[in-house]
Number of protein chains: 2
Amino acid sequence: MELLNNFKQIVIETPVDKIINQIKELITSGQLKPGDKLPPERKLCEALGVGRSHVRDAIKKLEFYGILKTLPQSGTVVAGLGMTALEGLITDVLRLEVKDFRSLVETRVILETNAAALAAQNRTEEDLAGIEAALLAYKNKKAASVYAVDEDLMFHLKIAEASKNSVLKSLMLVITPDILTNYNELDACGDGRSVSALEEHELILFHIKEKNIEGATQAMRAHLSDILDFSNTLQVEDFNRSNGKKR
Amino acid sequence: MELLNNFKQIVIETPVDKIINQIKELITSGQLKPGDKLPPERKLCEALGVGRSHVRDAIKKLEFYGILKTLPQSGTVVAGLGMTALEGLITDVLRLEVKDFRSLVETRVILETNAAALAAQNRTEEDLAGIEAALLAYKNKKAASVYAVDEDLMFHLKIAEASKNSVLKSLMLVITPDILTNYNELDACGDGRSVSALEEHELILFHIKEKNIEGATQAMRAHLSDILDFSNTLQVEDFNRSNGKKR
DNA sequence: TCTTATTAATTGGTTGACCAATTTATGTAT
DNA sequence: ATACATAAATTGGTCAACCAATTAATAAGA
């Protein structure tokens, strides 16, 4: 069984990835400085021996990350942003490469506690109604079944909306897919935790309603640390299993 | 002059954007549920009356966001992630649509203060060396010129690395481009702030070195709130000017 | 009738050619 | 010699055709 551990993860490096790496290499090595024009796509695909689609895909991907900027009928240039962001961009940024569940949960706690604090500060009456509706949906679903992950997250998302911080909300959305994939694998979802989760949600809502910033923060922290503790009780084996299967 | 204000920003909606919106509409309206297969690309581009490249680009973009998943030679399906995340996904998530600079800076403060705290807790000797090197580079550049944004951000990035939280670091990288574009427009960069920034950096480093979690947090918060205060002194007119010109 | 092999259709992946806009080069007139 | 107009080349954007792998359908055998 442990013979499996002797196998190394095979990195499937698509043509696009290879091109991206080469371009990044050129930038990090200083051969391409911000403002410089990239060789035209045709020259690139000829030099690299691949189709132009691949080159275009690579450029488009780097454009997403704000590293390149393509000017139609003019060329592709390295965006202003210097090597700074590139430095840590060893692998794809957004496909977060969540190798460690700890970082993920830790970050979630940071985002959500602050969202709760801001929500307690900025929430409107409409926000309260939205949060309550989400909580109600969660309660009903939970009464019927044990599986209410979507409704759970919706509750948290409504709080993020009430924070009136669009960026914070966007970042929560960014990590949500990873949270979900990890939870779907890890969370047994039929444990004793479920009962207390509802009460904790209600406590959070109460503090937000009362505009009690500190209270909302602590309630959210307690809620999430419960989840964190629960995750930590899982076997390491289970955790390892949850990796590696992505893409 | 104020006649210009009567013009509405023209939204250049590329074919790709239109397709994305249609697909998102299908998902949010429930006509496409997670796990469902999308119509094949050929049918789609026929129904939409556009080239297949556009459809493929749209799919690829949505795949970035984790909304779709294309299985080669099999089809494209809606990823597991329920409507939950879609709910708030009115516009592109990652091109953060930073309409409000406040949210951006606010979020940056949240991320960075926590990164500083974690760095004070987890930093190794190598991390310290890296942070010091970045600080030195910043100092040198600053002595030579007033423009050292890259080196400044590198210092912050090294701290994020020292936090040993990969997700947190990734999220900082995500918002960094937006920070830069906004700063490049807003920051006069030749003001009195520059002198104190260096001292503040040194103070942060000191606390991280001493493993003083609370101290590092406060030092970082003070550092960033200075920047925030400075930004707030800018004219609203300048702020508005900084919007709308992106892409 | 059920299983299995073979074939046909459909899928996303890839390529090369074409298009319009831009930039550069060239030639002519001043 | 310089300025300007015109033409040629280069650019990214777009599209349609082709490819290999997968899947579905069908037919043959037990």
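Chain identifiers are assigned alphabetically (A, B, ...) following the order of the sequence lines, protein sequences preceding nucleic acid strands; residue numbering begins at 1 within each chain. Because the structure is a prediction, the values reported are computed rather than measured.
For the pair B:Ile19 CD1 and D:dT14 P, the interatomic distance rounds to 10 Å; values are reported in whole Å. Whole-Å rounding puts the B:Leu38 CG to C:dT11 C1' distance at 13 Å. The nearest whole Å value for the distance from the CZ atom in B:Arg52 to the C1' atom in D:dG13 is 17 Å. The nearest whole Å value for the distance from the CD1 atom in B:Ile59 to the P atom in C:dT11 is 12 Å. If you measure from atom CD of B:Gln73 to atom C1' of D:dT22, you get 7 Å, rounded to the nearest angstrom.
Here the side chain of B:Arg56 is nearest to one of D:dG12, D:dC15, C:dG13, namely C:dG13. Of the listed nucleotides (C:dT14, C:dG12, D:dT14), C:dG12 has the atom at the smallest distance from the side chain of B:Pro72. Checking D:dT14, C:dG13, D:dG12 against the side-chain heavy atoms of B:His54 singles out D:dT14 as nearest.
Across residues 42-51 of chain B, B:Arg42, B:Gly51 each have a non-hydrogen atom less than 4.0 Å from an atom of DNA chain D (numbered order).
Scanning for side-chain contact (heavy atoms from CB on, under 4.5 Å) contacts around B:Arg52 gives B:Glu41, B:Arg42, B:Cys45, B:Arg56, with sequence neighbours left out.
At a threshold of 4.5 Å between non-hydrogen side-chain atoms, the residues A:Leu111 and B:Leu111 count as touching. Looking only at side-chain heavy atoms (C-beta outward), B:Glu106 and A:Leu168 stay at 4.5 Å or farther from each other.
For A:Ser74 and D:dG12, the shortest distance from a side-chain N or O to OP1 or OP2 is not below 4.0 Å.
Of the residues B:Ile19, B:Leu38, B:Ile23, B:Thr76, the one that meets the side-chain contact (heavy atoms from CB on, under 4.5 Å) test with B:Val55 is B:Ile19.
A perpendicular orientation is assigned to the rings of B:His201 and B:His223, their planes being inclined by more than 60° (bins at 30° and 60°).
Classification of A:Glu161 and A:Lys158 as a salt-bridged pair holds, one side-chain N sitting under 4.0 Å from a carboxylate O.
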